[in-house]
Amino acid sequence: MSYKSLEHATDAIFEVNAENLDDAFVAAAKSVIETILDITTIEEKEEKTLAVSGKDLRYLLYNWLEELIILTITDGFAAKTVTVKVEKNSEYHICAKLRGEKIDIKKHHFRVEIKAPTFHEMEIRQNGAVYMRYLLDL
């Protein structure tokens with residue numbers, strides 16, 4: 001499971017490669033958190049849960065990224081570790097546990113604020129492994 005940041009003049013573009021959907025969504029979470037904060041400075045003092053749904057994988061990814069931004073920027077929670085379970089019934093669902101602590105701007109070395117995810121240039125492919133590409137508006 002890995003993600004990489006691609007060159008872009010004003011926004012952040014990421015590519016994720018993972019063995020399965022669970023790992024892909026964990027990597028996407030780390031890309032959001034590490035864009036905003038220095039994850040190495042976060043301690044695992046408390047646990048939060050997130051439940052996210054989407055009518056398809058693109059909407060699930062969009063909603064997941066949006067919830068992570070809200071949790072970090074608006075709610076002030078810095079997550080160090082993320083575990084995810086993706087399930088599909090009539091739509092896709094994520095049940096996630098995040099361990100971390102309340103954000104301290106100085107301790108966690110605040111980097112940049114993410115405004116929102118976008119559907120622009122979003123791509124998800126599954127051929128055994130999972131590939132995701134998405135853009136975050138900074």
Going hydrophobic residue to hydrophobic residue with side-chain gaps under 4.5 angstrom, can you get from Ile73 over to Ile70?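 In one cluster: no.
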Whether [X] side chain and [Y] backbone form a donor-acceptor pair below 3.5 Å:
X: Asp137; Y: Ala116; answer: no
X: Lys85; Y: Asp22; answer: no
X: Trp64; Y: Ile94; answer: no

Heavy-atom side-chain contact between [X] and [Y] under 4.5 Å:
X: Asp23; Y: Val130; value: no
X: Phe25; Y: Val82; value: no
X: Val86; Y: Leu60; value: yes
X: Ile105; Y: Ile103; value: yes
X: Phe14; Y: Met132; value: no
X: Tyr92; Y: Val52; value: no
X: Tyr134; Y: Ile13; value: no

Which distance, rounded to the nearest 0.5 Å, do you find between the [atom1] of [X] and the [atom2] of [Y]?
X: Thr35; Y: Leu68; atom1: OG1; atom2: CG; result: 11.0 Å
X: Tyr59; Y: Glu66; atom1: OH; atom2: CD; result: 12.0 Å
X: Glu44; Y: Leu98; atom1: CD; atom2: CG; result: 10.5 Å
X: Ile69; Y: Ile33; atom1: CD1; atom2: CD1; result: 11.0 Å
X: Arg99; Y: Lys97; atom1: CZ; atom2: NZ; result: 10.0 Å
X: Ile39; Y: Glu34; atom1: CD1; atom2: CD; result: 4.5 Å

Where do [X] and [Y] come nearest, in terms of heavy atoms and distance?
X: Pro117; Y: Leu65; answer: CB-CB, 3.8 Å
X: Leu37; Y: Ala78; answer: CD1-CB, 3.6 Å
X: Leu138; Y: Asp11; answer: N-OD1, 3.3 Å
X: Arg58; Y: Met122; answer: NH1-O, 3.1 Å
X: Ala28; Y: Leu61; answer: CB-CD1, 4.2 Å
X: Ala18; Y: Ala24; answer: CB-N, 3.4 Å

Checklist entry - Can you check side chain to side chain contact (heavy atoms under 4.5 Å, CB included) on Ile36 and Phe110, steps first, answer last? => result CA-CA 6 Å; Ile36 300 169; Phe110 184 84; 3.7 Å; yes
task: Kindly determine whether Leu57 and Leu21 satisfy side chain to side chain contact (heavy atoms under 4.5 Å, CB included), including the steps that lead there.
output: CA-CA 10 Å; Leu57 282 176; Leu21 285 175; 4.1 Å; yes
Requested in this report: Just grab all the side-chain hydrogen bond (donor to acceptor under 3.5 Å, both in side chains) pairs involving residues 103-116, residues at least two apart or on different chains.
Outcome: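 For residues 103-116: Glu43-Lys107, Glu101-Lys107, Glu101-His108.
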- [ ] Give the intermediate values and the outcome of side-chain hydrogen bond (donor to acceptor under 3.5 Å, both in side chains) for residues Tyr131 and Glu123.
- [x] CA-CA 8 Å; Tyr131 169 85; Glu123 182 181 352; 4.6 Å; no
